[in-house]
Amino acid sequence: MTDGQVPNTLGVRCLADRICVARDQSALAEYVADADTREVPLTIVGGGSNIVLRSRLPGTVVLLRLKGVAFERLDENSWRVVAAAGENWQGLVDGALARGIGGLENLTLIPGSVGAAPVQNIGAYGRELAEFVESVTAFDRRRSCFATLAGADCGFGYRDSEFKRDATNRYVITAVVLRLGGTGLVADYPDVARELAVRGGNMDRGAVADAVAAVRRRKLPDPGRVGNVGSFFKNPVVSEARLDDIRARVDIDDYPAPDGSGSRKIPAARLIDRAGWKGVRDGQVQVWPRQPLVLVNLGGATGGEVLDLAHRIRDDVHRRYGVALELEPAVKGID
């Protein structure tokens, strides 16, 4: 147990009243039970890659460091993969690709931990984690025991899940079970398709992963070098009528909404760009010049300053286009 700075890829300073490191399930259960018994706030942090932290986190912060990955071959085409929540997501993707196991190639280079992946229902370039989740193991704070939730019970949606919507933070994810293999390649996302064509059109899983990685590296800053949390806004879903209205002012792509409602998903980056925010800098916070979905900490910015710029962008886009942008990362702490 320590006092001090909470790790986060945005690189902002945030002090916690108390930090505990959980390296196994028993330690996690102990720390969670202690916080609940004392009725103090509890914050679980994995890789710290999808949170915007204000200056202080009251109560207890638990750093989730549970480790372990197991690959089980089920038949010629399918595998069951069990990964502890504290494992690095990219390490899991690399392990699957090294074994020739398909499914996760489009989700390469997404920063963060395995445990955070189902909370956000991470997705990229035509794939979502929800396609592969067989079950999730979690500590149930309401019942003070470990529980297993089937993938169908996790309430997955676009960048969303039951874990994210639950304001009481009932479940602390400790492991994720994935069913991989037997799925076709998804390589028709425009940026990825263009990158594959440049590379000669090879269409195996390794080639798709390499193409996705190349696209991400071109557009997105490395959080190890420039503080960021990846995409700051979700791509909005709009009605056909709203899309027609937007298209009267902006040339913009659209895609079917994930919920099958007939609505259309449009790129938030395009709206932010056309509103004139790409590359804008305010103090030590900047809209990334190569991808306006990303806000970066150039050094010394606070979480509040990053959020102030994000809210100005959100309000301006809404005023111009009638579209309400939602923040993608969670916001934690107080000033």
Side-chain angles (χ1 to χ4, degrees), residues 7-9 23 45-50 63-137 151 173-187 189 191-193 195-196 198-200 202-226 228-231 294:
N8 66 98
T9 63
R23 302 187 189 280
V45 176
S49 62
N50 199 49
L63 304 182
L64 211 56
R65 299 293 182 260
L66 282 68
K67 299 294 184 180
V69 179
F71 292 87
E72 177 191 1
R73 187 157 202 160
L74 301 177
D75 55 42
E76 184 178 352
N77 296 314
S78 61
W79 294 71
R80 178 176 290 117
V81 182
V82 183
E87 288 287 339
N88 175 266
W89 174 257
Q90 186 59 39
L92 179 61
V93 173
D94 290 342
L97 287 171
R99 291 167 173 80
I101 303 172
L104 303 183
E105 52 274 359
N106 296 59
L107 306 182
T108 193
L109 284 195
I110 296 178
S113 64
V114 167
V119 176
Q120 186 72 7
N121 184 23
I122 59 172
Y125 303 107
R127 286 284 199 201
E128 286 189 342
L129 181 70
E131 299 174 54
F132 309 108
V133 175
E134 185 174 286
S135 64
V136 170
T137 302
I173 295 172
T174 59
V176 180
V177 181
L178 304 178
R179 183 74 172 262
L180 299 177
T183 56
L185 292 174
V186 176
Y189 201 92
D191 285 345
V192 175
E195 182 66 27
L196 284 166
V198 168
R199 291 165 174 258
N202 185 14
M203 289 290 287
D204 60 27
R205 299 192 185 280
V208 172
D210 289 345
V212 169
V215 171
R216 291 184 68 91
R217 288 190 178 108
R218 270 201 306 274
K219 289 188 172 185
L220 304 176
D222 178 355
R225 301 178 63 185
V226 182
N228 74 91
V229 295
S231 297
V294 178

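Residue numbers start at 1 and run along the sequence shown. This structure is a prediction, so every number in the text was calculated from the model and none was measured.
- When side chains are defined from C-beta on, Leu109 does not count as touching Val212, because their heavy atoms never get closer than 4.5 Å.
- Applying the salt bridge (charged side-chain N to carboxylate O under 4.0 Å, His left out) rule to Glu131 yields the partners Arg127; only residues at least two apart in sequence or on another chain are considered.
- Checked against side chain to side chain donor-acceptor pair (under 3.5 Å), Thr108 has the following partners two or more places apart in sequence or in another chain: Gln90.
- For the atom pair CD1 (Ile173) and CG (Leu66), the distance works out to 12.0 Å, reported to the nearest 0.5 Å.
- Sorted by first and then second residue, the salt bridge (charged side-chain N to carboxylate O under 4.0 Å, His left out) pairs involving residues 108-124 (not counting sequence neighbours) form an empty list.
- No side-chain heavy atom of Leu104 sits less than 4.5 Å from a side-chain heavy atom of Leu97.
- Minimum heavy-atom separation, Ala187 to Val208: CB-CG2, 4.2 Å.
- When all heavy atoms are compared, the tightest approach of Gly230 to Val294 is O-CG2, 3.7 Å.
- With values rounded to the nearest 0.5 angstrom, Trp79 atom CH2 is found 10.0 Å from Leu180 atom CG.
- Applying the side-chain contact (heavy atoms from CB on, under 4.5 Å) criterion to Ala116, with sequence neighbours excluded, gives Ser113.
- Not one N or O on the side chain of Asn50 forms a donor-acceptor pair closer than 3.5 Å with the backbone of Gly112.
- With sequence neighbours left out, Asp191 forms a salt bridge (charged side-chain N to carboxylate O under 4.0 Å, His left out) with Arg194, Lys219.
- Shown here for Thr183 and Gly103, the closest heavy-atom pair between the two residues is OG1-CA, 3.9 Å.
- Looking only at side-chain heavy atoms (C-beta outward), Leu92 and Phe71 come within less than 4.5 Å of each other.
- Around the CZ atom of Arg217, the shell of radius 6.0 Å holds no more than 12 heavy atoms that belong to other residues, nucleotides or ligands.
- For the salt bridge (charged side-chain N to carboxylate O under 4.0 Å, His left out) test, no residue two or more places apart in sequence or in another chain qualifies with Arg99.
- For Asn77, there are no side chain to side chain donor-acceptor pair (under 3.5 Å) partners, not counting sequence neighbours.
- Judged as a side chain to side chain donor-acceptor pair (under 3.5 Å), and not counting sequence neighbours, the contacts of Glu128 are Asn121.
- Of all heavy-atom pairs spanning Val176 and Leu178, the tightest one is CG1-CD2, 3.6 Å.
- Contacts of Lys67 classified as side-chain contact (heavy atoms from CB on, under 4.5 Å), with partners at least two apart in sequence or in another chain: Glu87.
- Across every non-hydrogen atom of Arg199 and Ala211, the tightest pair is NE-CA, 4.3 Å.
- Taking CD1 from Ile101 and CZ from Phe132, the interatomic distance works out to 12.0 Å, rounded to the nearest 0.5 Å.
- Not one N or O on the side chain of Arg23 forms a donor-acceptor pair closer than 3.5 Å with the backbone of Leu64.
- Arg179 has its side chain within reach of Leu74: a pair of non-hydrogen atoms, C-beta onward, lies under 4.5 Å apart.
- Two residues are said to be in side-chain contact when any heavy atoms from C-beta on lie closer than 4.5 Å; Thr9 and Asn228 fail this criterion.
- Going from atom CG of Asp204 over to atom CG of Leu196 covers 9.5 Å, rounded to the nearest 0.5 Å.
- Residue pairs meeting the ring-ring contact (aromatic ring centres under 6.0 Å, His included) criterion with at least one partner in residues 81-130, sequence neighbours excluded, are Tyr125-Tyr189.
- Residues Val45 and Pro7 share a closest heavy-atom pair of CG1-O, 4.0 Å.
- Scanning for side chain to side chain donor-acceptor pair (under 3.5 Å) contacts around Arg205 gives Glu105, with sequence neighbours left out.
- Among residue pairs with one or both ends in residues 69-85, those qualifying as salt bridge (charged side-chain N to carboxylate O under 4.0 Å, His left out) are Glu72-Arg80, Arg80-Glu134; sequence neighbours excluded.
- You'll find the side chain of Val114 stays beyond 4.5 Å of the side chain of Asn88, heavy atoms only.
- Looking only at distances, no side-chain donor or acceptor of Ser135 sits under 3.5 Å from a matching main-chain atom of Val177.
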